[in-house]
J.: 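Sharing a structure below in structure tokens format, with a few things to ask.
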2 protein chains.
Amino acid sequence: MLKLTKKADYGLMALKYLAEHPETVALSAKDIADAYGIPAQLLAKILQKLTKSGLLKSHAGMNGGYALSRDAREISAYEVIHSIDGPFFITSCTKGSKGCELTPSCTIKEPLARVNDTIAGVLKSISIQDLSDHEHPAGPTEKSSPLVYLTH
Amino acid sequence: MLKLTKKADYGLMALKYLAEHPETVALSAKDIADAYGIPAQLLAKILQKLTKSGLLKSHAGMNGGYALSRDAREISAYEVIHSIDGPFFITSCTKGSKGCELTPSCTIKEPLARVNDTIAGVLKSISIQDLSDHEHPAGPTEKSSPLVYLTH
DNA sequence: CAATATCCGACTTCTTCGGTCCGGGTTTAG
DNA sequence: CTAAACCCGGACCGAAGAAGTCGGATATTG
Ligand code: SF4
Ligand code: SF4
């Protein structure tokens with residue numbers, strides 16, 4: 001529940017890896033897979049999705065591979081997750097396809113939609129570049145400011 | 001991916017329902033289930049978990065049922081989700097049980113742990129009481145302030 | 001042309017979730 | 001006392017989704 005897909009996880013790893021190697025023109029899926037020890041074929045499919053979404057550029061043939069299509073700080077974690085796992089929804093009532101049938105009687109879907117937006121906002125505020133700043137500077141996670149505003 | 005369990009969903013609905021009926025001493029699982037049209041037996045098990053976690057008080061026998069053990073504004077959505085679905089982790093590396101085996105080589109688990117904490121903070125800042133404030137006052141969701149601080 | 005790479009859909013396997021069933025124990029109304 | 005109404009909790013099962021695999025087509029370079 002509320003767990004990130006491993007595919008999205010891999011996708012973030014791969015993008016971070018690409019962001020850290022800007023000098024190379026392109027890296028093949030196998031290169032990245034080997035670097036982390038994740039199944040090559042699976043990673044390939046993930047990168048393909050990211051390519052189709054426009055986050056990556058691919059180049060077939062020898063010495064081919066993938067490269068970021070934009071600057072690392074212009075790619076948000078939200079986009080990555082969205083590309084790989086589809087639309088982002090905390091609840092099952094995706095309003096459109098097939099959600100739970102008790103949507104009309106449900107009284108908590110509006111508040112939850114608010115929460116959904118908040119979390120999406122969090123994800124959108126994180127870029128690939130941020131992942132590369134390997135820092136966890138002693139300062140323990142302090143939740144000071146109000147994080148979500150449910151009622152206006 | 002990143003989707004709330006339906007059980008947690010039901011749990012929140014039930015708690016909200018209880019919060020909105022403070023006059024009644026106790027409501028049976030069947031009452032709540034009928035009110036929303038969710039499977040009674042399933043809801044029963046959810047309420048049992050919430051009881052075991054101390055969020056609810058149960059009373060067997062005729063005219064028995066469940067009641068909130070604390071004030072509605074003292075119960076956070078985080079507690080509910082935690083009670084029903086177990087520990088809250090965005091990633092698979094739960095450090096302790098069985099996570100993914102590439103935890104050592106993984107370079108994004110610390111940043112993601114930060115994100116995890118942020119989202120957990122969001123959930124903790126929401127009380128059952130907040131769910132009852134049925135408001136969505138025209139004001140579109142505005143994300144003004146920075147929502148997550150990755151680097152200190 | 002041959003080697004290397006991406007591309008892409010279909011497929012199997014595994015886990016989890018949603019839901020049901022049943023055999024208990026408790027309390028209270030009659 | 002007894003039966004109804006309720007809570008308790010494990011076992012069970014089908015459906016769905018996630019993780020990973022396979023195989024073939026296509027594009028590029030040497
Ligand atoms: S309609 Fe209500 S119960 Fe159904 S998925 Fe949405 S929030 Fe959950
Ligand atoms: S170790 Fe890395 S890849 Fe594995 S679950 Fe944690 S974040 Fe994801």
Side-chain angles (χ1 to χ4, degrees), chain A residues 1-11 13-14 18 24-34 36-53 56-67 81 84-87 89 91-92 94 97-102, chain B residues 1-11 13-14 24-34 36-53 56-67 81 83-87 89 91-92 94 97-102:
Chain A
M1 55 6 158
L2 221 29
K3 195 165 289 183
L4 210 54
T5 299
K6 231 165 189 182
K7 295 183 190 177
D9 210 346
Y10 293 161
M13 290 175 68
L18 285 172
T24 57
V25 278
L27 285 167
S28 78
K30 189 174 181 307
D31 290 337
I32 306 175
D34 288 350
Y36 289 108
I38 58 190
Q41 307 224 47
L42 182 55
L43 209 234
K45 281 217 307 204
I46 295 170
L47 296 180
Q48 285 162 27
K49 274 191 179 177
L50 292 175
T51 303
K52 208 161 61 176
S53 305
L56 289 179
K57 274 182 181 146
S58 67
H59 187 51
M62 283 188 69
N63 298 326
Y66 299 89
I81 296 175
I84 298 176
D85 286 332
F89 281 115
T91 56
S92 306
T94 59
S97 53
K98 50 199 320 292
C100 78
E101 61 282 349
L102 46 89
Chain B
M1 55 6 159
L2 221 30
K3 196 166 289 182
L4 210 56
T5 299
K6 232 165 188 181
K7 295 183 189 178
D9 210 345
Y10 293 162
M13 291 174 68
T24 57
V25 277
L27 284 167
S28 78
K30 191 177 179 305
D31 290 338
I32 306 175
D34 288 352
Y36 288 109
I38 58 189
Q41 306 223 50
L42 181 55
L43 209 235
K45 282 217 307 203
I46 296 170
L47 295 181
Q48 285 165 28
K49 274 191 179 177
L50 291 175
T51 303
K52 207 163 60 178
S53 305
L56 289 179
K57 273 181 181 148
S58 66
H59 187 51
M62 282 189 71
N63 299 325
Y66 299 89
I81 296 174
S83 304
I84 297 176
D85 287 330
F89 280 116
T91 56
S92 305
T94 58
S97 51
K98 53 200 319 292
C100 79
E101 61 281 351
L102 46 89

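Below, chain A is the first sequence line, B the second, and so on; all start at residue 1. As the structure is a prediction and not an experimental result, all values here were calculated from the model.
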J.: Report, as a single string ordered 5' to 3', how protein heavy atoms within less than 4.0 Å touch nucleotides 19-29 of chain C: B base, S sugar-phosphate only, - not at all.
T.: BBBB---BBBS
J.: Taking NZ from A:Lys52 and P from C:dC8, how many angstroms apart are they, rounded to a whole number?
T.: 6 Å
J.: Near A:Lys3 NZ, under 6.0 Å, is it more than 12 heavy atoms from other residues, nucleotides or ligands?
T.: yes
J.: Going by side chain to side chain donor-acceptor pair (under 3.5 Å), name the residues that satisfy it together with B:Thr51, two or more places apart in sequence or in a different chain.
T.: none
J.: Whole-Å distance between C:dC17 C1' and A:Leu2 CG?
T.: 15 Å
J.: Just how far, in rounded Å, is P of D:dG17 from CG of A:Leu4?
T.: 18 Å
J.: Taking atom C1' of C:dC8 as reference, at what distance in whole Å does atom CG of A:Leu43 sit?
T.: 16 Å
J.: For A:Thr51 and for A:Met1, find the nucleotide of DNA chain C with the closest heavy atom, then tell me which residue's nucleotide is more 5'.
T.: A:Thr51
J.: Using whole Å, report how far CG of A:Leu27 lies from C1' of C:dA5.
T.: 13 Å
J.: Take atom CG of A:Leu47 and atom C1' of C:dC8, then tell me their distance rounded to the nearest Å.
T.: 14 Å
J.: Output the rounded distance in Å from CD1 (A:Ile38) to C1' (D:dT21).
T.: 15 Å
J.: So, does A:Ser28 get its side chain near the phosphate of C:dT4, meaning an N or O under 4.0 Å from OP1 or OP2?
T.: no
J.: Quick one: label A:Ala29 by what it contacts on the DNA or RNA (base, sugar-phosphate, nothing), any heavy atom closer than 4.0 Å.
T.: sugar-phosphate
J.: Whole angstrom is fine here: how far is it from NZ in B:Lys30 over to P in D:dA5?
T.: 10 Å
